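Report on one structure; see the data block that follows.
Side chains are part of it too, since the values below use all heavy atoms of this structure and drop only hydrogens, waters and symmetry mates. We name chains A, B, ... by the order of the sequence lines, and we start the count at 1 in each one. Fair warning: this is a prediction, and the values are worked out from it, not measured in the lab.
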Protein chains: 2
Amino acid sequence: MDAVFRALADPTRRQLLDSLHARNGQTLNALCAEMDMTRQAVTKHLAILEEANLVTTIRKGREKEHYLNPVPINEIADRWIGKFERGRLTALSDLKKRLERED
Amino acid sequence: MDAVFRALADPTRRQLLDSLHARNGQTLNALCAEMDMTRQAVTKHLAILEEANLVTTIRKGREKEHYLNPVPINEIADRWIGKFERGRLTALSDLKKRLERED
DNA sequence: CTAATATGCAACCATTTGATTGCATGTCAA
DNA sequence: TTGACATGCAATCAAATGGTTGCATATTAG
């Protein structure tokens, strides 16, 4: 869980997920083409995404294909965000009341 | 958006949101009581949460009350996570096919 | 076989981050 | 008013982070 949150914290990594979402199975080089940094930097970001289980890779000869795994994102949505979502309206009206009581 | 993701990346800050979710409107001192670090460290985390608009504060005399704002979390759920959620089954079956083709 | 291509590994560096300590300010209560 | 209490501000520091360069390895194409 923590690994997923930290992986999502970086804009470059979210961009990589976006890229894979648009075209799944891209090789490292393909992904690098869209990023404005060295291949090694991209490799590191992909390693973090893989560590968080957000990306799965398959070695194809000398190439490495990258696949998006949306499951961890879903788990966060279900188990973590859902909690706050449920309390949304309540919390908002609470806050409004408090603010009004200020005046 | 980026500020929200980065704010959520730290476990201490998620714990603070949890704490406010359990009991909204806590003062700085109350929040500190549950955290295993100095008050100043907690202050910094709260500042980051406030920066990301996840927490709103109201000064009450010499105390400061903290309120959870779930809106940014909801926006992420709607505008960002939703995208990946929609492609979930497709992406999974894609991945499965690829993996099977490997054997 | 050999050269080009795709990726891996490691050392290194600057910046950011998370936390601390010390002191200042502001407010309430006796 | 004075002392206790709640919070604010700033300097400092170690560790993590994001990026680079240089070289190594492995695979494919000619």
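Residues A:Tyr67 and A:Gly25 share a closest heavy-atom pair of CE2-CA, 3.4 Å. Of all non-hydrogen atoms in A:Ile81 and B:Ala77, the two that sit nearest each other are CG2-CB, 3.8 Å.
Other residues, nucleotides and ligands contribute over 12 non-hydrogen atoms within 6.0 Å of the CD atom of A:Gln40.
When hydrophobic clusters are built by joining Ile, Leu, Val, Met, Phe, Trp and Tyr residues whose side-chain heavy atoms come closer than 4.5 Å, directly or via intermediates, A:Ile48 is not grouped with A:Met1.
For B:Lys64 and A:Ile48, each mapped to the nucleotide of DNA chain D holding its nearest heavy atom, the one lying further toward the 5' end belongs to B:Lys64.
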Could you tabulate the donor-acceptor pairs under 3.5 Å formed by side-chain atoms of residues 26-35 of chain B, not counting sequence neighbours?
| from | atom 1 | to | atom 2 | distance (Å) |
| --- | --- | --- | --- | --- |
| B:Gln26 | OE1 | B:Arg23 | NH2 | 3.3 |
| B:Gln26 | NE2 | B:Ser19 | O | 3.1 |
| B:Gln26 | NE2 | B:Ser19 | OG | 3.0 |
| B:Gln26 | NE2 | B:Arg23 | O | 2.9 |
| B:Thr27 | OG1 | B:Ala30 | N | 3.2 |
| B:Glu34 | OE1 | B:Ser19 | OG | 3.1 |
| B:Glu34 | OE2 | B:Ser19 | OG | 2.9 |

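Residue A:Asn69 is tested with A:Leu54, A:Leu49, A:Asn53, A:Leu20 for a side-chain contact (heavy atoms from CB on, under 4.5 Å); the sole match is A:Asn53. Applying side chain to side chain donor-acceptor pair (under 3.5 Å) to A:His45 and the options A:Arg14, A:Arg13, A:Glu50 leaves one that passes, A:Arg13.
OP1 or OP2 of D:dC5 has not a single side-chain nitrogen or oxygen of B:Asn29 nearer than 4.0 Å.
Within residues 31-47 of chain A, the residues that have a heavy atom under 4.0 Å from DNA chain D are, in order of number, A:Met37, A:Thr38, A:Gln40, A:Ala41, A:Lys44, A:His45. Contacts with DNA chain C (heavy atom under 4.0 Å) in residues 9-18 of chain B: B:Asp10, B:Arg13, listed by number.
We find that CG of B:Leu28 is positioned 12 Å from P of D:dC9, with the value rounded to whole Å. Atom CG of A:Leu8 and atom P of D:dT17 are 15 Å apart (whole Å).
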Would you list the protein and nucleotides 25-30 of chain D atom pairs, both N or O, that sit under 3.5 Å from each other?
| from | atom 1 | to | atom 2 | distance (Å) |
| --- | --- | --- | --- | --- |
| D:dT27 | O2 | A:Arg62 | NH1 | 3.3 |

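Judged as a salt bridge (Lys or Arg N to Asp or Glu O under 4.0 Å), and not counting sequence neighbours, the contacts of B:Asp18 are A:Lys83. Residues satisfying the side chain to side chain contact (heavy atoms under 4.5 Å, CB included) test with A:Ala41, not counting sequence neighbours, are A:Met37, A:Thr38.
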For side-chain contact (heavy atoms from CB on, under 4.5 Å), just list the numbers for A:Val55 and A:Leu17, CA-CA rounded to whole Å, side-chain angles, deciding distance to a tenth of an Å, and then say yes or no. CA-CA 8 Å; A:Val55 163; A:Leu17 292 181; 4.0 Å; yes

